[in-house]
Engineer: 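Got a structure for you, written out below as structure tokens; questions coming shortly.
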Amino acid sequence: MMTNTDPFAYLEDLNDERTLALIQQADAATQVEFATGAEYEAVRDDMVTILRDEQQIPFCQEHRARMYHFYQSAEFPKGVYRVCSAASYRAGLPEWKILFSVADFDELLGDDVYLQGVAHYVQAPEHVLISLSAGGADAAYTIEFNLNEGKVVEGGFHFPLSKSIISWRDTESVWICPAWDERQLTQAGYPRQVWLMQRGQTFAQAQPVLEMPADGMMVNAWRYLDSQGAPIDLIEAASGFYHKQYYQVMADLSAKPLGLPDDCELMGYLYGQLLVQLRSGWQRANRSYPAGSLVAVKLHKGELGAAEVIFQPKNTQAIESIETTRRFILVSILDNVSSRLLAWQFGSNGWQEVSLPNLPDGALEITDQPWGGDVVYLAISSFLDPLTLYTLDVHLGELCVMRRQPQQFDAAGMQVKQFSAAASDGTFIPYFHVGKHMNKEMPTIVYVYGGFGMPQLPYYLGSIGRYWLAKGYAFVLANIRGGGEFGPQWHEAARGIHKHVSVDDLLAVLDDLYSHGRASAMHTAIQGGSNGGLVVAAAFCRQPQCMGAMVCEVPLTDMLRYPYLSAGSSWVDEYGDPVDSVEKNALLQLSPYHNLGKLQHYPPVLITTNLYDDRVHPSHALKFFARLRSLRQPVWLAVPDTGGHAGGATQENTAAELALIMNFLYKTIADDDSI
């Protein structure tokens, strides 16, 4: 374990000449080792072709029978925003019209920008707020654009580069949570003020509504439209990742606290009722509402009324997402890590469940819900079955196939099996094994995330299938604790001082694979990104003999410094606070950067980061790399020129990074002459 002196502290300064030199030298060495040769080029070029395949499903937002789509191609590497009629889209022959090109904003803003999002005002969808990221970072410019006129709105709602949160209230006003001045920020670097701005006003003329303390995490403000009643304006003031206060903004612009549990999540609003997902139990008016349940609570002028439990998950279930239509609530749940869709409608006897058509098995995602109707777009896929896009009319009970994604690999002979590993405390940890064979000689990727209550689902393994499974190799998805596969309790079991449980679970899955002859350490690589990068790096430090290689993407590694870097202080609820002596000790035991041993032999490692990542500070990856290199271990670092926490900014960037990772795995666990 490291001493208190940090020899690589300078790497936290991304402008330090030593930092830039290390990045340049390390990335160049990685490119020479893994971004050259026929196999690398074949994967990279093939992946670009796949990404640009016109048979891929164009996922759209539908507004007033028009389909809006972000499209990238060789001609438009940064992409264009385009539209077609819903009729031509459904006919399979969309007649696209380009509305704007992202590259055109470079000159306007004097920066290298990439599209982060387009927010339509749903009742007048020609009004949009365009978010343009600088280099792929979370920070973005906000520009108001009129799609009918095809131009930036003169004197419109325009805001500088920042992590501000801007949302429509109506066509003539927006909610602003500003973040372009240090006085507007929390210690996590997010907004702490809420303002209402009318069209034609300067920010100085806008109306302040709420300000939270600087030691909080962030605020957010938005308007809920209710197809069955009047709209409401709400504010969320989060003191931590899982603790927040909700307010309703009244007619006089005062913010009235709603008195909801501080760890609940507001998920929607319909029939004048708030849809509240409970993290812990709620005792109210001599009635108990169980943890994990979805509750509808009547709201009238800032006062909570009667509440009703809509859905209470069983032990094997968890609520994944919630969507409202004109008349229905849709709830996507997980049942033993398999998706199901349920629906309810409000009537004289309260909320009643309604039947839905049978849906195919697989991971389900609600991709769009056009305002004012009862139609939703559903994307369903499984490990071996490409994604299919459906429309579901909940009112009519009709399910229609819209598009089928082309197969990216031949799945003949491949099987999906679900197993369970026994964790150190006796809990059974499920994992999926995908491939043609299970044996000790089979190169196997084990992928994990295990944090923030985010479940890992059996989505289609497009690129993994094409460049890994098709070679006869295997893939494992481990549903470790810290994720949300089985509700709040699954997450809570690996949070704070218990975060090590995620690592315990990963090691238990590896042990189960090896003890049953399904894989071997020599031919197994562990892979994870962000929080998953922390988990795999911690397992790597604890038991390096249990793996043949590691891919560690945009990771956290210095758990004593993380709250002071980029957005790190917003994750204290997840990991704990190093200021607290008990939590500091737990973080020190977990921290990969502090647990690399001088006398240890480590397997090959590929670490990735992006200099535009303003969420997880690049120094986590840089310091971990530098520490391993100082120990003369086989380690490589990849730092692309563009892209943020989510990765590549263009299709070429995405393909190049994937090809590099594949080549690293080919040369380590899939090659007898490993590095």
Side-chain angles (χ1 to χ4, degrees), residues 224 226-228 242 244 246 258 260-299 304-367 369 374-376 378-380 392-395 397 399 453-455 457 479 483-492:
Y224 269 141
D226 184 354
S227 57
Q228 304 298 326
Y242 309 111
K244 55 200 69 176
Y246 290 102
L258 291 181
L260 291 165
D262 81 337
D263 62 348
C264 73
E265 290 281 349
L266 278 185
M267 305 300 292
Y269 181 65
L270 190 62
Y271 289 98
Q273 300 174 61
L274 295 170
L275 305 178
V276 180
Q277 185 175 354
L278 299 178
R279 184 175 179 87
S280 56
W282 186 24
Q283 185 70 33
R284 178 174 179 265
N286 298 319
R287 184 174 175 187
S288 296
Y289 301 89
S293 60
L294 177 64
V295 179
V297 187
K298 291 182 180 178
L299 177 66
L304 300 181
E308 177 184 353
V309 174
I310 295 177
F311 176 70
Q312 180 181 350
K314 299 176 183 177
N315 289 337
T316 60
Q317 297 176 331
I319 295 173
E320 186 191 8
S321 65
I322 295 166
E323 183 63 79
T324 59
T325 71
R326 182 182 178 187
R327 286 168 281 200
F328 298 90
I329 297 172
L330 289 174
V331 180
S332 174
I333 71 165
L334 299 178
D335 195 339
N336 197 23
V337 205
S338 294
S339 296
R340 289 175 55 198
L341 190 66
L342 307 173
W344 284 263
Q345 185 173 19
F346 188 68
S348 57
N349 295 320
W351 291 97
Q352 302 294 319
E353 188 172 358
V354 297
S355 61
L356 294 174
N358 292 329
L359 297 174
D361 293 333
L364 180 149
E365 181 180 358
I366 300 172
T367 62
Q369 198 288 301
D374 288 317
V375 172
V376 292
L378 306 176
I380 302 177
L392 171 63
D393 189 317
V394 185
H395 180 61
L399 181 70
M454 299 290 292
L457 305 180
N479 300 117
E485 288 85 348
F486 299 100
Q489 69 277 8
W490 197 252
H491 173 220
E492 197 66 28

Engineer: Which is it for Val375 and Thr325 under the side chain to side chain contact (heavy atoms under 4.5 Å, CB included) test, yes or no, and what are the steps along the way?
Structural biologist: CA-CA 7 Å; Val375 172; Thr325 71; over 6 Å; no

Engineer: Using atom types as modelled, flag every donor-acceptor pair under 3.5 Å from a side chain in residues 351-367 to any protein atom, sequence neighbours excluded.
Structural biologist:
unit_1	atom_1	unit_2	atom_2	d
Trp351	NE1	Gln273	OE1	3.0
Gln352	NE2	Asn349	O	3.1
Thr367	OG1	Tyr377	O	3.4

Engineer: Working to the nearest 0.5 Å, report the span between CG of Leu342 and CD1 of Ile310.
Structural biologist: 11.5 Å

Engineer: Please name the pair of heavy atoms, one in Gly483 and one in Trp490, separated by the smallest distance, quoted to 0.1 Å.
Structural biologist: O-CD1, 3.6 Å

Engineer: More than 12 non-hydrogen atoms from neighbouring residues, nucleotides or ligands closer than 6.0 Å to CE on Met454, yes or no?
Structural biologist: no

Engineer: In Å, rounded to the nearest 0.5 Å, how long is the span from OH of Tyr269 to CD1 of Ile329?
Structural biologist: 12.5 Å

Engineer: Where the side chain of Asp374 meets the backbone of Asp393, is there a donor-acceptor pair that is under 3.5 Å apart?
Structural biologist: no

Engineer: Are Val331 and Leu341 close enough that some pair of their side-chain heavy atoms sits under 4.5 Å apart?
Structural biologist: no

Engineer: Any side-chain heavy atom of Leu334 within less than 4.5 Å of one from Ser339?
Structural biologist: yes

Engineer: Verify, without hydrogens or angle tests, whether Asn336 (side chain) and Thr316 (backbone) share a donor-acceptor contact under 3.5 angstrom.
Structural biologist: no

Engineer: Where do Leu275 and Leu266 land on the side chain to side chain contact (heavy atoms under 4.5 Å, CB included) test, with the steps shown first?
Structural biologist: CA-CA 6 Å; Leu275 305 178; Leu266 278 185; over 6 Å; no

Engineer: Is there a donor-acceptor pair closer than 3.5 Å between any side-chain N or O of Gln228 and the backbone N or O of Arg326?
Structural biologist: yes

Engineer: For residues Thr324 and Gln369, report the shortest heavy-atom separation together with the two atoms involved.
Structural biologist: O-OE1, 3.3 Å

Engineer: Of the non-hydrogen atoms in Arg279 and Ala291, which two are nearest, and what is the gap between them?
Structural biologist: O-CB, 3.5 Å

Engineer: Between Ile319 and Ser293, which heavy-atom pair has the shortest distance, and what is it?
Structural biologist: CD1-C, 4.3 Å

Engineer: Can you find a heavy atom in the side chain of Ile333 that is under 4.5 Å from one in the side chain of Phe311?
Structural biologist: yes

Engineer: If you take all heavy atoms of Ile322 and Gln277, which pair is closest and at what distance?
Structural biologist: CD1-OE1, 4.2 Å

Engineer: Just how far is it from atom CZ of Arg340 to atom CG of Asp335, taken to the nearest 0.5 Å?
Structural biologist: 6.0 Å

Engineer: Between SG of Cys264 and NZ of Lys244, what distance do you get to the nearest 0.5 Å?
Structural biologist: 8.0 Å

Engineer: With sequence neighbours left out, write down each residue that passes side-chain hydrogen bond (donor to acceptor under 3.5 Å, both in side chains) with Trp344, or none if nothing qualifies.
Structural biologist: none

Engineer: Strictly below 4.0 Å, N to O, side chains only: are Lys298 and Glu308 in salt-bridge contact?
Structural biologist: no

Engineer: Tell me, with the steps shown, if Leu274 and Leu258 meet side chain to side chain contact (heavy atoms under 4.5 Å, CB included).
Structural biologist: CA-CA 11 Å; Leu274 295 170; Leu258 291 181; 4.0 Å; yes

Engineer: Please test Arg287 against Trp282 for side chain to side chain contact (heavy atoms under 4.5 Å, CB included), starting from the C-alpha separation and ending with a verdict.
Structural biologist: CA-CA 8 Å; Arg287 184 174 175 187; Trp282 186 24; over 6 Å; no

Engineer: Any side-chain heavy atom of Tyr224 sitting closer than 4.5 Å to one from Leu270?
Structural biologist: no

Engineer: Of all the heavy-atom pairs spanning Val394 and Phe328, show the shortest one and how long it is.
Structural biologist: CG1-CG, 3.6 Å

